Amino acid sequence: EDLELVLVNEGHCGFHKTQCAIGPVLVLGDDVEHGVANAGDREAMGTGFHAQRNRRRRSSHLASVEDLALGYRVMSSSANPYRLARSVVPAAYRVFLTPDLEAFTFSGRVEIDVMIDETISELTLHAVELELGAATISADGTSYRSQEHHLDETYETATFVFDRELPVGPAVVEIAFDGILNDQLHGFYRSTFTDDQGVNHAIATTQFENTDARRAFPCWDEPAFKATYQINLTIPSHLATYSNSPVRTDTDLGNGQRTVSFEPTMKMSTYLVAFIVGPFEETATLDVDGVPLRVVYPVGNGHLTELAL
C-alpha cells in the first residue's frame, strides 16, 4: 500500500533547517520498487528526504520513524487520483498493431483478460493520445458493450460506461483504437536513420518507461498491475520486427503485408514491453551458455556486429 509521510514537528532539533521544510512527501511503494512514478507525481517524488543519525548511530528508516519525529498514515490507491482502482485487475494482454510508416499512424486492438473483483458499471484504465472505440466485455457467456466513454487528459485515463452492472469474476475486455507515431521519443513513436547511400529510412519503436505504454494501447499502466503480453504486429513484408519474446508465427497475408506474432512474455509491468519495426537484419544465432544470442542491426551494417558477438 502507499504511505504518505508527513513531518509533524518542524522544530525538532534533529533536523537541519532545510530538512524541516520538506512538507508532505508521497512515497508510492510499488513505484519506488521499480524506480518510477506516476505522471502527476514525478516532481513530488523528486523532493529530497534526508535525516541524520542520532547519537546511537541508528540509521534513519521507517523503523526509526518515531525518532525522526515523523507521523505516517496508510493511504489507499483510491485516495490518489493518479492511481487506478483495483476493482478490475489485468492478467494477460493480447495486443494487435498495424503501424503505417508513411502516414506515421497506427491502428490496433487489445484483448485483456481481467478479474473483476467487485460489481461495477464503469471501467477505467489508462489511455492518452488514442482514438478509442467502444469497449466490449465478455463475462459469463454474455457480451457487454459500453454506451459511452470519457477521456481525462489530466489523469490520462479513459472511462467506459455500461448500461448495466458487470458481474464479478473473470472477463475479457476488448477495445479498438487508432494512434499517431509521434516524434516525441515516447510511447509508440517514429524515428529515422540514413544509410551509407544517403537514403533515409523510417522506423517505429517504443519507449514506455515511466508511464507511456498508455500511448500505444489502453492498459493498466502502473508497475503494480503486472501481466503477460502477447504482441502481434502487421507490417510491410520487406520490414523486420522484434519484441520481448521469440516469434511464434510469421504469416504472409498475400497483400504485401505479414503478421508477426510473438510468444507471451513473462508476467511483468507495462513499462517493460517493447517492440520495433523497420529495415533491420540480424546475425545468425549464437549459443552463449545455453542462451541464444543475435545482434539486430540496420541494413548494411552487418560488418559492425563482429565485436559485439
Side-chain angles (χ1 to χ4, degrees), residues 84-100 105-152 155-180 187-188 206 208 212-222 225-235 241 243-245 248-249 251 253 257 259-265 267-271 273 275:
L84 295 177
R86 304 191 73 87
S87 52
V88 181
V89 178
Y93 292 79
R94 292 172 294 281
V95 182
F96 303 84
L97 292 166
T98 303
D100 185 331
T105 61
F106 63 91
S107 59
R109 176 173 59 87
V110 63
E111 299 173 358
I112 313 171
D113 296 340
V114 301
M115 177 62 69
I116 302 175
D117 291 328
E118 59 185 70
T119 302
I120 58 172
S121 58
E122 294 185 356
L123 173 69
T124 299
L125 71 172
H126 288 115
V128 63
E129 297 178 357
L130 296 174
E131 293 291 332
L132 303 175
T136 300
I137 295 182
S138 302
D140 279 346
T142 302
S143 180
Y144 304 81
R145 185 176 175 84
S146 64
Q147 301 302 300
E148 58 182 323
H149 65 268
H150 311 289
L151 301 177
D152 191 313
Y155 301 123
E156 300 182 347
T157 59
T159 298
F160 295 88
V161 181
F162 297 83
D163 61 359
R164 47 183 168 159
E165 292 187 333
L166 304 174
V168 172
V172 178
V173 179
E174 184 173 350
I175 306 170
F177 54 90
D178 294 295
I180 296 174
F188 194 17
T206 57
F208 290 164
D212 288 315
R214 64 191 69 178
R215 299 178 190 275
F217 57 93
C219 57
W220 279 258
D221 197 13
E222 297 178 14
F225 289 107
K226 293 178 174 60
T228 61
Y229 303 84
Q230 196 273 308
I231 305 298
N232 306 269
L233 285 156
T234 297
I235 61 172
T241 183
S243 188
N244 301 80
S245 53
R248 170 189 281 177
T249 61
T251 306
L253 302 181
Q257 300 263 309
T259 296
V260 181
S261 298
F262 296 89
E263 295 288 351
T265 68
K267 189 175 182 180
M268 63 188 192
S269 302
T270 47
Y271 71 88
V273 178
F275 38 85

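The figures that follow rest on heavy atoms only: side chains count, while hydrogens, waters and symmetry mates do not. These numbers come from a predicted model, not from an experiment.
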Original post:
Any sub-3.5 Å donor-acceptor pair from Glu222's side-chain atoms to Leu84's backbone N or O?
Top reply: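 Side chain of Glu222 to backbone of Leu84, a donor-acceptor pair under 3.5 Å: yes, one is there.
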
Original post:
Is a donor on one side and an acceptor on the other found under 3.5 Å between the side chain of His126 and the backbone of Asp221?
Top reply: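 Checking the backbone N and O of Asp221 against the side chain of His126, a donor-acceptor pair under 3.5 Å is found.
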
Nearest heavy-atom pair of [X] and [Y]: which atoms, and what distance?
{"X": "Phe188", "Y": "Ala216", "value": "CB-CB, 3.9 Å"}
{"X": "Ser261", "Y": "Asn232", "value": "OG-OD1, 2.7 Å"}
{"X": "Pro99", "Y": "Leu233", "value": "CD-CD2, 4.3 Å"}
{"X": "Phe225", "Y": "Ala85", "value": "CZ-O, 3.9 Å"}
{"X": "Ile137", "Y": "Ala171", "value": "CG2-CB, 3.9 Å"}
{"X": "Val114", "Y": "Trp220", "value": "CG1-CH2, 4.0 Å"}

What pairs with [X] under side-chain contact (heavy atoms from CB on, under 4.5 Å), at least two apart in sequence or on another chain?
{"X": "Gln147", "result": "Asp163"}
{"X": "Met115", "result": "Asp117, Pro170"}
{"X": "Pro264", "result": "Gln230, Arg248"}
{"X": "Asp152", "result": "Thr154, Tyr155, Thr157"}

Original post:
How would you list, by chain and number, every residue that makes a ring-ring contact (aromatic ring centres under 6.0 Å, His included) with Phe177, sequence neighbours excluded?
Top reply: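 Checked Phe177 against ring-ring contact (aromatic ring centres under 6.0 Å, His included); zero matches.
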
Original post:
With Phe208, which residues qualify under ring-ring contact (aromatic ring centres under 6.0 Å, His included), at least two apart?
Top reply: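 Result, ring-ring contact (aromatic ring centres under 6.0 Å, His included) vs Phe208: Phe275.
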
Original post:
Under 6.0 Å from the CD1 atom of Ile180, do we count more than 12 heavy atoms belonging to anything else shown?
Top reply: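 Not more than 12 within 6.0 Å, no.
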
Side chain to side chain, [X] and [Y], heavy atoms closer than 4.5 Å:
{"X": "Tyr93", "Y": "Val110", "result": "yes"}
{"X": "His149", "Y": "Ile175", "result": "no"}
{"X": "Val273", "Y": "Ile231", "result": "yes"}
{"X": "Phe160", "Y": "Leu125", "result": "yes"}
{"X": "Leu130", "Y": "Pro218", "result": "yes"}
{"X": "Tyr229", "Y": "Thr270", "result": "yes"}

Looking at [atom1] of [X] and [atom2] of [Y], how far apart are the two atoms once the value is rounded to the nearest 0.5 Å?
{"X": "Leu97", "Y": "Arg109", "atom1": "CG", "atom2": "CZ", "result": "10.5 Å"}
{"X": "Thr105", "Y": "Asp100", "atom1": "OG1", "atom2": "CG", "result": "4.5 Å"}
{"X": "Glu263", "Y": "Thr228", "atom1": "CD", "atom2": "OG1", "result": "11.5 Å"}
{"X": "Thr98", "Y": "Gln257", "atom1": "OG1", "atom2": "CD", "result": "7.0 Å"}
{"X": "Ile235", "Y": "Leu253", "atom1": "CD1", "atom2": "CG", "result": "10.0 Å"}
{"X": "Phe217", "Y": "Leu132", "atom1": "CZ", "atom2": "CG", "result": "13.0 Å"}

According to side-chain hydrogen bond (donor to acceptor under 3.5 Å, both in side chains), who are the partners of [X], at least two apart in sequence or on a separate chain?
{"X": "Asp113", "result": "Arg94"}
{"X": "Thr234", "result": "Thr259"}
{"X": "Ser146", "result": "none"}
{"X": "Thr206", "result": "none"}

**OP:** Determine which pairs satisfy salt bridge (Lys or Arg N to Asp or Glu O under 4.0 Å) with at least one residue from residues 123-143, sequence neighbours left out, and list them in order.
**Re:**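 Pairs touching residues 123-143 that pass the test: Glu129-Arg215.
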
Original post:
Are Phe162 and Leu123 close enough, and set up right, to give a side chain to side chain contact (heavy atoms under 4.5 Å, CB included), and what steps lead you there?
Top reply: CA-CA 8 Å; Phe162 297 83; Leu123 173 69; 4.1 Å; yes

